[in-house]
Amino acid sequence: MRFSLLFILLFMLAIAVTDGCAQGRPGIVIVEVRSKSRPVEQAEISAGDVAMITEAGGEAVLELPAGAVELTIERFGFKTQRVRVTVLADSTIRVTVDLEPEVVLKQEITVTATRTEQRIEDEPLHVEVLDQDEVEEKALMTPGDIAMLLNETGGLRVQVTSPSLGAANVRVQGLRGRYTQLLADGLPLYGGQSGAIGLLQIPPLDLGQVEVIKGVASALYGSSALGGVVNLVSRRPKQPERELLLNRTSRNGTDAVLWFAQPRTTGYAYTLLGGAHFQNQTDVDGDGWADLPGYRRGTLRPRLMWDDGNGRSLFATIGAMVEDREGGTIGNALVPDGQPFAEELRTRRFDAGLVGRFLVGSRVVSVRGSMMTQAHRHRFGPVVERDRHETWFGEAAMSGTKAGHTWVIGSALQTDLYRSRDVRRFNYTYIVPAVFAQDDYAIGSRATLSGSTRVDMHSAYGAFFNPRVSALIRLPRQFTTRVSTGTGVFAPSPFTEETEAVGLSSLSPLKNLQAERAWSASGDLGWSNSNVELNGSIFGSTIRHPVVLRRARAGAPEELEIVNASGPTRTVGSELLARFRRRDFRLVLTHTSVHSTEIDREQSFRQTVPLTPKQTAGIVGSWEKEARGRVSIEVFYTGRQQLDENPYRTEGPPYWIFGLLIERHFGPVRLFINAENLSDVRQTRYDRLIRPQRNFDGRWTVDAWAPLEGRTINGGLRLNF
C-alpha cells in the first residue's frame, strides 16, 4: 500500500514537471493572410514583442511560447484583424486570416523615377509623390503652369529668378534651382539643364502624378541631378474623356486647355493636350514697371501608348510650344537713369520622346530616347541675344529579379548643345556617355537595401563616379525608417540664376572651372494607418567648388565672371509631414526648416544663402465629394530670409498667405472659383521693386522674396463632353 501511494505521488510529480517543461517550450504558428482569395504580402503580424511580415505568398512563421496568445494582423489598405489562438508546445498550427479592404489615405502608388518601379511603401529611396487629386486641385488654381503645384510641396520652393519676365526655378531642400533635374515620364524633354522659364510653360492638366527625389541623385540621372529630380508622370487613360478647361483671372490672365483621352482597346491608347494661355502686362503698384509680365503661349502635346498584354509596351510623345513674353517698363515709363528698359523673350520649343519595354525570358529590356530643341530671342533693354539649346538623349537597360534581388544595368548617352548668334564665345557641345547599375536586395521581410552607381564620361570635365546607398527598415507597429547617402556632380555652364536674368553679353569666357561636387545624406521615420500618415526627416548636403557670379577682377567695371567659390556650400534641415483623411475630409500639414551657408562672392566670408527661408509651413484642409464638388482652404507661412544686394533691407520679413478654392459639379459641368493671397501680401508694399541704380550684374530690380501680384482671384469651368 505504501509502495502504491509512493508510486502515485511520483507519477503525479513527473506529470507536473513534464507539463511545466512543455509550457516553457515554444510552438510554431504559420499565419496565412488572404483577401478575396488572394495572398496579402507585407502584412504585419504581431503577438506581444514578436512580429513578422508576410512574404509574397501571404505567409509568415512565428515562434511563440505555448499558451493562449492574441495575433494582430495589420496591412495598409485593410482593416486591422485580431485573432486568438492556442499555441501547443513542440507543435505547428496553421491559421488563415481574411482581411477586409478599407478606403485609405492614398491609393497604391508605383514610383517610376527610381527605375525599379516599386510601390512607394517598398522603395528604399525616399520619394515624395503628389497624386492626381493634388494635381487636379492645383490645375484649377494655375491651369497654365506647375509653379504652384511644386511651390506648395514640403521641401520645395519655387524661386523667381527674373521679376522682369517672371522666370522661376525650383529649389529642393535649400539647394539652388539649377541643380534640379526636370523630367517628363523619365525623359529630359525640357533639356539637360532646364531653364528658369520652363516651370511656367508646363500645363498640369494631363499629369497623373509628380514624383520628387530630394537630395543628390546623380547616381540615377547623371550630372544634371545634383540637387534632386522632379519627374512629371503623364495621365494614363482609363476611359474615353474629352475635357475643356476655361479660366480667367482678376489680373487679366486667360487660359483655355483641351484634353482628349482614348483608353486601350486594340492595344493602342492616346491622349492629346492643347492649350492657349494669355496674360497682360500688369503694373500692380503703379510705378511703371510690370509686376506681372505679359505673355502669349500655345502648347500641343499628343501621346501614344501601346501594350500587347504580354510584357511589350511602347510610349511615344511629341510636344510643341511657342511663347512671346514681355516685361520691364510699360509705355513711357523710365528707369532711374532716364531711359526705358523693356525685356522680351521669344521661345520656340519642340521635343519628342520614346520609351519601350520588352520581356525577354524573365528579364525586362527597356529603351528610352528623346530630343529637345528650343530657340530664344532675348532682349535686355538695348541688348539682344539669340540662341538655340538642344538636348539629345538615349538609354538602354536590362532589369530582372532573382533571390530577393531586383537589379538594373544599362548605358546612356546625352548630348547638350548651345549655339548663340550674338555671344558665340559660350557655344559648347557636351557629350556624356554613361554606364550605371542598381540593385535592390530584400533581406527577409524587414529590410531592403538599395545600391546604385553611375560613371559619366563628360567631354569637357572628365569622368565622374557617383554611388548612392539607401536602406528601408520596417519596424514594429507600422513604423518604417529610411536612410540614404550619395555623391553627385554638376558640370558648370554659363547659365546661372543671375545670367539667365541679365544675359551673357557682359560675361567673360569661362576658364579654369572645376565641376561642382556634392554629397548628401538623409534619414526619415514614418508611420501610417488607414487614415493617418506621419513622416519626419532630417537632411544635409555639402557642395564643393560651387560656382558664383561676381565682378571681373580684371577688365571693365561692368564685366562679369564665373568662378569657383573658395569654400563649400553647406545645408542642413528637417521636414515634417502629416496627412489625415476621414471619409471626404483631408488635412495636410507640412513644415520645413533649412539652414544653408555659402562663401560670399567678393569677400570670402561665410554667409547665409540668400532667398532661403529658415522656416516654412503649410496647412491645407479640403472636403471633396466626387459627385458634388470640393472646398479647399490653404494657409502657408514663409519665415525670414537673407537678401542679396538689396539696397532697401538685408532680411525679408515673415509673411502668411491664405487661399480658398470652391468647385461645384453640375453634371458634366464643373464651376470653380479660387482666391489666392487673400491677405494681399505684396513685396512692393514694403519697398520698391526698382533699384535706385543698376546692380553690379546689370539688373534693375531687386530679388523677389515675396509675391509681386498680390491678391488674385480666378474662376472658370471644366466641361466633360
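Numbering of residues begins at 1 and proceeds along the displayed sequence. Note that the structure is predicted; figures quoted are calculated from it, not measured.
- Here salt bridge (charged side-chain N to carboxylate O under 4.0 Å, His left out) pairs that include residues 225-237, with residues two or more places apart or in two chains, are Asp185-Arg236, Arg235-Glu241.
- We find that Lys214 and Glu575 are joined by a salt bridge, their nearest charged nitrogen and carboxylate oxygen being less than 4.0 Å apart.
- Counting non-hydrogen atoms of other residues, nucleotides and ligands closer than 6.0 Å to CZ of Arg446 gives a total above 12.
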Problem - Derivation of the side-chain hydrogen bond (donor to acceptor under 3.5 Å, both in side chains) call for Thr571 and Ser596 - result: CA-CA 4 Å; Thr571 303; Ser596 186; 2.8 Å; yes
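- Side-chain atoms of His591 and Gln615 include a donor-acceptor pair closer than 3.5 Å.
- At most 12 non-hydrogen atoms from other residues, nucleotides or ligands lie less than 6.0 angstrom from CD1 of Ile538.
- Annotation for Tyr268: atom OH does not count as buried by contact number, only 12 or fewer foreign heavy atoms lying within 6.0 Å.
- For the pair Glu74 and Lys79, the salt-bridge criterion is not met [side-chain N within less than 4.0 Å of a carboxylate O].
- Of the residues Glu533, Glu134, Glu137, the one that meets the salt bridge (Lys or Arg N to Asp or Glu O under 4.0 Å) test with Arg586 is Glu137.
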Practice task
Output, in order, the C-alpha distance, side-chain angles, deciding distance and verdict of side-chain contact (heavy atoms from CB on, under 4.5 Å) for Leu525 and Leu534.
Solution key: CA-CA 8 Å; Leu525 179 66; Leu534 303 173; over 6 Å; no
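- More than 12 heavy-atom neighbours from other residues, nucleotides or ligands sit within 6.0 angstrom of CH2 on Trp519.
- Partners of Tyr441 under the ring-ring contact (aromatic ring centres under 6.0 Å, His included) rule, at least two apart in sequence or in another chain, are His405.
- Between Arg34 and Glu32 there is a salt bridge, with a side-chain nitrogen of the basic residue lying less than 4.0 Å from a carboxylate oxygen of the acidic one.
- For the pair Glu516 and Arg544, the salt-bridge criterion is not met [side-chain N within less than 4.0 Å of a carboxylate O].
- Thr317 and Arg301 are linked by a side-chain donor-acceptor pair at a separation below 3.5 angstrom, with hydrogens and angles left out of the test.
- Pairs passing the salt bridge (charged side-chain N to carboxylate O under 4.0 Å, His left out) check and including a residue from residues 353-372, sequence neighbours excluded, read Glu117-Arg357, Arg368-Glu395.
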Problem - Intermediate values then yes/no, side-chain contact (heavy atoms from CB on, under 4.5 Å), Ser35 and Glu100 - result: CA-CA 6 Å; Ser35 178; Glu100 181 180 347; over 6 Å; no
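- The closest side-chain donor-acceptor pair between Ser520 and Ser541, if any, does not fall under 3.5 angstrom.
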